[in-house]
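Below, read A as the first sequence line, B as the second, and so on, with proteins coming before strands; counting in each chain starts at 1.
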Amino acid sequence: MNQYYLTTPIYYVNAAPHIGHTYTTLVADTIKRLKALEGIEAYLVTGSDEHGQKIQRAAAKVGKSPQEYTDLIAAEFEQTWQKLGLAIDKFQRTTSSQHAAAVSRLFLECEKNGYIYMGSYTGYYSVTSEAFVADAKEGDVDPDSGQPLELVTEENLFFKLSAFQDKLIELHETNPGFLQPEARRNEILAFLKSEKLQDLSISRTTIQWGIPVPNHPGHVFYVWFDALMTYWSAVEGTDHWPADLHLMSKEIVRFHAIYWPAFLMAAGWPLPKRIYSHGWLLFEASKMSKSRGNIVRVTPIQEVMGIDALRYFLLREIPFGSDGSFSFDALVARYNSDLANGLGNLLSRTLSMIQQYRGGAVPAPVAADHAAIAQAREHYDRFEFHKALEALWRWIGDLDKYIVENAPWKLAKDASPEAQARLDAVLYRCFESLRLITALVAPVIPQSAARIREQLNIDGPLEWGHTPAGHRIGAVAPIFPRLDPAAAIDRMRQLEAAELDRQNALMGKTAEPEAPAGNITPIAETISIDDFVKVDLRVGVVRSAEAVKGADKLLHLKIDIGEASGPRTIVAGIAKAYQPAQLIGRKVVIVANLAPRKLKGIESQGMIVAASLEGGAPVLAAFLEDVPIGARLK
RNA sequence: GCCGGCGUAGCUCAGAGGUAGAGCGAGGGUCUCAUAAUCCCUAGGUCGUAGGUUCGAGUCCUACCGCCGGCACCA
């Protein structure tokens, strides 16, 4: 086997590319380059998911057709990957005609094999969102708009997912490598064994922007039946399928580990060999999200530090598969300590000595320890990038120490044959080690590695001793100039703001953080001033806060609005957004004359005023100026 | 609520029954080939809390606390 097919997810074009998309994609790029190191030609596919109601609406909002709109955003993704130098072989769009044909084929094949039937989907439907609301019960409201839901029955095509329960269990049980890491596999297996799979609705008649279902006018394919097929359609007509690896972030594992194999089984097509999920990138310990406005863009980092700095950071700092935290501080610290002071400085001192002491000619080969080569390759094989890099940097550290122990600058002044021979050995060992280290870090930091190779003036195989005696080195210049952390971070933050504006303009957005996709919450019915004054809004201060036992979202707060009776108890659904400790002492706005209500057995005497974002966390109302406790809002 | 993972030096983490570790940061020192880089020394951290098993427990058991996930037709 000397070819390898790997994919990233196709990204939904409701957002411009950011560090989350980039993480998966640059890992894929790294794996492709690692395969090349092993003599395997890898084929890398990414793309864009462009159908659906949300896109249709977003396009309409900016006065574009869905196709015009998705052309724009898809191009933005493609250009970003190009700018980052990622070695993508094919960018597959769900709106391509080739893809539509493949999805239809999958459908017809499944239908022929008896896994498709016409049924009805009944659910609570939100008219404002034009979508079904999952898990809704009678009396629930649309979580986005707060509007009532209607019980609607729609005729849909269904896929007999239920027929594959046993086969899927067998797949995951007999093939532990199919889904990695282990934690994800356990979750999927636990789920498959404990829940009965229900059939999957795969078409919609309420949506227009999608791939038409063959022989079923009015129906378009719904989400996964369409999106997952890009992995197949991108390489249709070639010998790449089955895929060797699907990479993704953990929130879409289920669709890849259950739906996707089931679709392929139903069609009788070969399954992919491996699914590997990585964790989430947190930003300075909190989740990145649109509503928090803390999503990091990549091009500012590239501009200030080079994309390799980010690649190195993400692969060295975060064990692949786990969640990890990104921060500009940590990024710059890694860059300075590992790349500038470590690799860059070792290169610089080694070449400089060869230049000064040997006129730029590498001495004759000597044997030396190079066990790190095998270690790094083993770790890479298991996608343990951080361990591979750790091993290589231990090698770098050993060389720095070795140089000091042998003090070549003293040997250079000693004309004895013994001293000169030792100097030769030191110089060769450092040079040859650097050549190999460069080859092994190249998949992670390809652009920098190319520049290092120019200075070494040699590449060659992963074998010790390849550099011949008398090899001439190239011109020496710093690869990773040290950065002043404060200045670098300031600059990245500035560029980040500019980049965000540019992306928002591109997507037709005006404000930041972005407005909820689609319609804003409809304005409530007009009221008179008399109605309004009935609502007694007061400024209060949080005296104590603790989680409510047995509730994920509730906090038990004591809020002081200056009443003689002391602070009152308020139970608020803000636990997902705020730590109890950070609330204490904070000024908040409460509705003070709301009828008391019991929540989880605690009587709540009022409610806290907060902005409610689309599917996101609530944000407490606050004042810029200081306000006395008890002040009334009018 | 149920299930799973995690909680070890300021930070990121390793260790999985036998006298607490690494890298980074910080403090001190050193060499001079090098990007004020390198190298050396310095961390005394109740290993989340409380019990228990054991001659002996970060390391096994139990309970509790905290954090993060999973509990499907949400992208």
Side-chain angles (χ1 to χ4, degrees), chain A residues 9 11-15 49 51-55 121 123 129 131-135 143 156 158-159 161 181-184 186-188 190-192 194-202 222-225 227 250-255 258-259 279-280 282 285 287 316-319 322-325 327 329-330 333-334 336-357 386-387 390 393-394 396-397 399-412 423 426-427 430 476-483 517 547 549-552 579-581 615:
Chain A
Y11 303 113
Y12 202 53
V13 295
N14 65 343
D49 181 6
H51 288 130
Q53 191 72 29
K54 278 193 185 174
I55 299 301
Y121 181 90
S129 302
F132 287 98
V133 177
D135 287 332
N156 283 170
F158 278 77
F159 174 78
L161 186 61
E182 207 58 25
R184 299 284 91 76
N186 293 340
E187 276 172 17
I188 292 292
F191 168 70
L192 282 170
S194 66
E195 304 280 334
K196 200 164 179 311
L197 286 178
Q198 289 184 23
D199 293 343
L200 194 64
S201 155
I202 57 161
Y222 183 61
V223 193
W224 293 106
F225 208 83
K250 64 187 182 186
E251 74 268 20
I252 52 174
V253 163
R254 164 162 288 123
F255 308 108
I258 295 180
Y259 295 2
W280 284 335
L282 310 177
K287 196 177 280 188
R316 173 63 186 85
E317 187 90 0
I318 303 169
S322 315
D323 290 354
S325 138
S327 75
D329 285 342
R334 272 282 172 206
N336 275 338
S337 69
D338 292 9
L339 295 176
N341 297 352
L343 178 56
N345 186 243
L346 178 64
L347 176 75
S348 174
R349 66 197 306 206
T350 299
L351 294 183
S352 161
M353 286 190 287
I354 291 173
Q355 190 63 52
Q356 288 175 49
Y357 305 147
H386 71 298
K387 288 189 184 174
E390 197 181 357
W393 257 260
R394 207 176 308 119
I396 290 171
L399 290 167
D400 271 329
K401 188 169 178 176
Y402 169 74
I403 290 174
V404 169
E405 281 167 358
N406 286 278
W409 46 92
K410 284 181 187 159
L411 296 171
L423 177 56
V426 171
L427 296 178
C430 290
V476 183
I479 305 281
F480 305 108
R482 263 186 82 83
L483 292 174
K549 248 189 133 171
D552 290 348
Q579 300 291 321

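A/Ser337 comes within 4.0 angstrom of sugar-phosphate atoms only, judged by non-hydrogen atoms across all strands, and of no base. In this structure, A/Ile202 reaches neither bases nor backbone, as no heavy-atom distance under 4.0 Å exists between it and the strands shown. In this structure, A/Lys196 reaches the bases: a heavy-atom distance under 4.0 Å links it to at least one base atom across the strands shown. Contact annotation for A/Ser352: backbone-only contact, meaning every heavy-atom pair under 4.0 Å involves sugar-phosphate atoms and none involves a base. A/Glu251 comes within 4.0 angstrom of a base, heavy atoms only.
Nucleotides B/U59 and B/U8 are separated by 11 Å at their C1' atoms, to the nearest Å.
For A/Glu317, the listed nucleotide lying nearest its side chain is B/U12; candidates were B/U12, B/A75, B/U38. For A/Arg349, taking side-chain heavy atoms from C-beta onward, the closest of the listed nucleotides B/C73, B/A75, B/U38 is B/U38. Of the candidates B/C74, B/U35, B/C24, the closest approach to any side-chain atom of A/Tyr222 belongs to B/C74. Listed candidates were B/C71, B/C73, B/C33. Nearest to the side chain of A/Arg254 is B/C71. Nearest to the side-chain atoms of A/Gln198 among the listed nucleotides B/U38, B/A72, B/A75 stands B/A72. In the set B/C39, B/G69, B/A34, the nucleotide with an atom closest to the side chain of A/Trp280 is B/G69. Proximity note for A/Trp224 (side chain, C-beta onward) versus B/G25, B/U35, B/A75: the nearest is B/A75. Ranking B/U32, B/A37, B/C73 by closeness to the A/Asn341 side chain, first place goes to B/A37. Distance from the side chain of A/Gln356 is smallest to B/A34 among B/C39, B/A34, B/C73. Between B/U35, B/A72, B/C33, one nucleotide has an atom nearer to the side chain of A/Arg482 than all others, and that is B/U35.
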- RNA chain B in dot-bracket, Watson-Crick or G-U pairs under 3.5 Å, [ ] crossing, | other strand? ((((((((.[[[[.)..(..]]]].((((.........)))).....[[[[[..)....]]]]])))))))....
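As a whole-Å value, the separation of A/Asp400 CG from B/U35 P is 13 Å. Regarding A/Arg394, its CZ atom lies at a distance of 19 Å from the C1' atom of B/C39, rounded to whole Å. A/Asp329 has its CG atom 13 Å from the P atom of B/G25, to the nearest Å.
A/Phe191 carries A/Arg254 over the face of its six-membered ring, with the cationic atom under 6.0 Å from the centre and within 45° of the normal.
Distances shown here put every side-chain N or O of A/Tyr402 at or beyond 4.0 Å from the OP1 or OP2 atom of B/C39. Between A/Lys250 and B/G70 there is no side-chain polar atom (N or O) within less than 4.0 angstrom of OP1 or OP2.
Comparing A/Leu347 and A/Tyr12 against RNA chain B, the residue whose closest nucleotide sits nearer the 5' end is A/Leu347. Closest-nucleotide positions on RNA chain B for A/Leu161 and A/Lys410 were compared, and the one nearer the 5' end corresponds to A/Lys410.
For the 3.5 Å distance criterion, the side chains of A/Trp409 and A/Gln356 fail to qualify, holding no donor opposite an acceptor.
Salt bridge A/Glu390/A/Lys387: absent, no basic N to carboxylate O contact under 4.0 Å.
A distance-only check finds no donor-acceptor pair linking the side chain of A/Trp280 to the backbone of A/Gly324 [under 3.5 Å].
Applying the side chain to side chain donor-acceptor pair (under 3.5 Å) rule to A/Lys250 yields the partners A/Asp323; only residues at least two apart in sequence or on another chain are considered.
Ring orientation note: the planes of A/Phe255 and A/Trp224 are close to parallel, at an angle under 30° on the 30°/60° scale.
Considering only heavy atoms from C-beta on, A/Phe158 stays 4.5 Å or farther from A/Ile202 through its side chain.
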- Note on the structure: Under a 4.0 Å heavy-atom criterion, the protein footprint on nucleotides 3-10 of chain B, written with B, S and -, is --------
